Amino acid sequence: MSISLNLNGSLVSNLIFFSASSSPQQTDFQIYSEYCNNHPNACVQLSKLMKVNKYVFFFEACRLLQKMIDISLDGFLLTPVQKICKYPLQLAELLKYTNPQHRDYKDVEAALNAMKNVARLINERKRRLENIDKIAQWQSSIEDWEGEDILSRSSDLIFSGELNKLSQPQAKSQQRMFFLFDHQMVFCKKDLLRRDMLYYKGRMDMDHVEVLDVEDGKEKDFNISVKNALKLRSPAGDEVHLLCAKKPEQKQRWLRAFADERRQVQHDRETGFSLTEVQKKQAMLNACKSHPAGKPKAVTRPYYDFLLRQKHPSLPTALPQQQVFMLAEPKRKTSTFWHNIGRLTPFKK
């Protein structure tokens, strides 16, 4: 069965500006990201306004004056979100029925790839913005926090795990929990009794350190024998940290995580992604409300797992538009902390 498609003239004439990945037109489509991220807040504000008669009459008068179709304002606000979801699906269908020998085939294919990249960027930025509240809550759960807020420079948790840390000049081995964010890495100490409680111990500026793979054997800077180690060193060499993993695969995972962090920083720089001061302050304010003064702080392992469940989403070719921006919430497990404490307590009345 042959199917002929009469393409809209404007679509055909504009396919070419999607084809180059660095074209200004594709970059302009990134404004959809900000629009999609602001859409839920806009709907909340609109619902408040629609409870006041003068605004109801005003919006309806504007619609009539512009001779617009009879759709509520929230319906119009949803249209750009729907369109950006449909573009990759429509272009994929168009490519499916375009002869590979046709002169427009390469342009359609390039347009499809370009719009997939735009949709992927929107998904990724939405994920980042949704997770800043989780990161702010994580910081508020850390005891003895010092220095600037984590959100002042970072917006994504790349990886976390336990490592043995040695720093000059003491070269004393310390077991610490490390959290690698974009631009910085925070390390904490676990409470001796409450292992789900963390104490802030410091941070490293990833923009000004070099990550080095250390071979097993004698380490010359620390003059000790090491295994599964990697080294973080400042360009001037005045700051050196030796980190040791328990297993070789853990070390390799950390090396990949450090490479991912650098790629993330470069990608954010190229796409212009950054958090606004309002977003940072609102996230920290929400976190403070969820952790009132005097309330015991603790971070459970399932919460670590949630923060680490951050992969770059790919856009399937056939996905209902309402599911494109949905991010799965993890199933939270009940903490076994009180059960373990009760089992370890020998004295009972």
Side-chain angles (χ1 to χ4, degrees), residues 135 138-139 141-148 150 152-154 156-269 299 301 303-305 307-312:
I135 293 174
W138 170 84
Q139 178 186 319
S141 71
I142 305 297
E143 295 285 353
D144 302 335
W145 184 270
E146 295 179 5
E148 61 185 8
I150 194 73
S152 63
R153 297 185 60 208
S154 305
D156 203 10
L157 176 65
I158 311 297
F159 191 61
S160 73
E162 283 187 288
L163 293 168
N164 284 322
K165 171 182 169 292
L166 293 90
S167 300
Q168 291 181 335
Q170 295 89 354
K172 179 182 177 182
S173 179
Q174 298 173 323
Q175 190 177 47
R176 295 288 182 260
M177 191 73 188
F178 285 84
F179 299 87
L180 177 61
F181 296 88
D182 52 314
H183 298 289
Q184 59 186 315
M185 182 164 67
V186 176
F187 53 96
C188 304
K189 178 183 178 181
K190 286 187 175 182
D191 188 90
L192 292 176
L193 295 178
R194 293 192 59 177
R195 303 299 286 175
D196 57 350
M197 184 175 288
L198 298 175
Y199 294 87
Y200 176 88
K201 288 300 177 183
R203 72 180 84 192
M204 302 174 189
D205 187 346
M206 298 307 299
D207 293 336
H208 298 95
V209 297
E210 181 184 12
V211 180
L212 303 173
D213 188 357
V214 179
E215 295 183 359
D216 292 349
K218 194 79 169 180
E219 208 290 315
K220 59 180 182 179
D221 287 337
F222 289 82
N223 196 29
I224 58 173
S225 294
V226 296
K227 191 175 181 181
N228 306 323
L230 49 93
K231 186 160 55 178
L232 273 62
R233 182 175 61 189
S234 63
D238 55 341
E239 183 181 355
V240 182
H241 304 281
L242 193 65
L243 307 178
C244 300
K246 293 180 180 179
K247 299 178 180 179
E249 52 267 27
Q250 292 176 345
K251 171 188 170 180
Q252 294 303 319
R253 182 63 187 88
W254 272 104
L255 288 172
R256 291 197 301 272
F258 286 122
D260 291 342
E261 185 271 338
R262 289 292 86 191
R263 281 193 292 268
Q264 178 86 309
V265 170
Q266 180 64 24
H267 181 263
D268 289 347
R269 188 178 296 117
V299 183
R301 185 69 208 178
Y303 183 64
Y304 292 152
D305 296 337
L307 287 177
L308 289 175
R309 200 173 296 146
Q310 300 184 57
K311 297 181 179 178
H312 298 282

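For clarity, every value in this text was computed on a predicted model and none was experimentally measured.
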Item checked: Approximate separation, where rounding is to 0.5 Å, of Leu243 CG and Asn164 CG -> 9.5 Å

Note to self: To the nearest 0.5 Å, what is the distance between CG on Leu198 and CG on Asp144?
What the structure shows: 11.0 Å

Check: At what distance, to the nearest 0.5 angstrom, does CZ of Phe258 lie from CG of Asp213?
Finding: 11.5 Å

Next item on the list: Answer whether the closest heavy-atom distance between the side chains of Phe159 and Phe178 falls below 4.5 Å.
Entry: no

Checklist line | From Cys244 atom SG to Leu230 atom CG, the distance as rounded to the nearest 0.5 Å | finding: 7.5 Å

Check: If you take all heavy atoms of Gln139 and Ile150, which pair is closest and at what distance?
Finding: OE1-N, 2.8 Å

Check: Where do Phe179 and Ser160 come nearest, in terms of heavy atoms and distance?
Finding: CD2-CB, 3.6 Å

Item checked: For Ile142 against Tyr199, the heavy-atom pair lying closest together -> CG2-C, 4.2 Å

Margin query: Side chains of Arg263 and His267, heavy atoms from C-beta outward: is any pair under 4.5 Å?
Written below: no

Item checked: Heavy-atom side-chain proximity of Lys246 to Asn228 below 4.5 angstrom -> no

Note to self: Holding to salt bridge (charged side-chain N to carboxylate O under 4.0 Å, His left out), I want the full list of residues that pass it with Asp207, two or more places apart in sequence or in another chain.
What the structure shows: Arg153, Arg262

Next item on the list: Side-chain contact test, heavy atoms from C-beta onward, threshold under 4.5 Å: evaluate it for Leu232 versus Met185 and give yes or no.
Entry: yes

Next item on the list: Return yes if some donor-acceptor pair links the side-chain N/O of Ser173 with the main-chain N/O of Leu166 below 3.5 Å, else return no.
Entry: no

Notebook entry, point to check: Can you name the closest pair of heavy atoms from Ile158 and Ala257 and give their distance?
Noted result: CG2-O, 3.7 Å

Margin query: Can you tell me how far apart NZ (Lys190) and CE (Met177) are? Round to the nearest 0.5 Å.
Written below: 5.5 Å

Next item on the list: Please lay out, stage by stage, how Lys231 and Glu210 fare under the test salt bridge (charged side-chain N to carboxylate O under 4.0 Å, His left out).
Entry: CA-CA 8 Å; Lys231 186 160 55 178; Glu210 181 184 12; over 6 Å; no

Notebook entry, point to check: Within 45 degrees of the axis of the six-membered ring of Phe187 and under 6.0 Å from its centre: does Arg203 put its NZ or CZ there?
Noted result: no

Check: Do Gln250 and Arg253 have side-chain atoms, one donor and one acceptor, less than 3.5 Å apart?
Finding: no

Note to self: Does either side chain, that of Lys165 or that of Ser167, offer a donor lying less than 3.5 Å from an acceptor on the other one?
What the structure shows: yes

Next item on the list: Would you give the length of the straight line joining atom CG of Asp260 to atom CG of Leu180, rounded to the nearest 0.5 angstrom?
Entry: 9.0 Å

Check: At their closest point, which heavy atom of Asp205 faces which heavy atom of His183, and how far apart are they?
Finding: OD1-O, 3.4 Å

Next item on the list: Describe, in one word, how the ring planes of Phe181 and Trp138 are oriented to each other, choosing from parallel (under 30°), tilted (30 to 60°) and perpendicular (over 60°).
Entry: tilted

Check: Considering all heavy atoms of both residues, which atom of Lys218 and which atom of Asn223 are nearest to each other, and what is their separation?
Finding: CE-OD1, 3.1 Å

Check: Under 3.5 Å, side chain of Lys251 to main-chain N/O of Ala229, donor-acceptor pair present?
Finding: yes

Check: Has Glu249 got more than 12 heavy atoms of other residues, nucleotides or ligands less than 6.0 Å from its CD?
Finding: yes

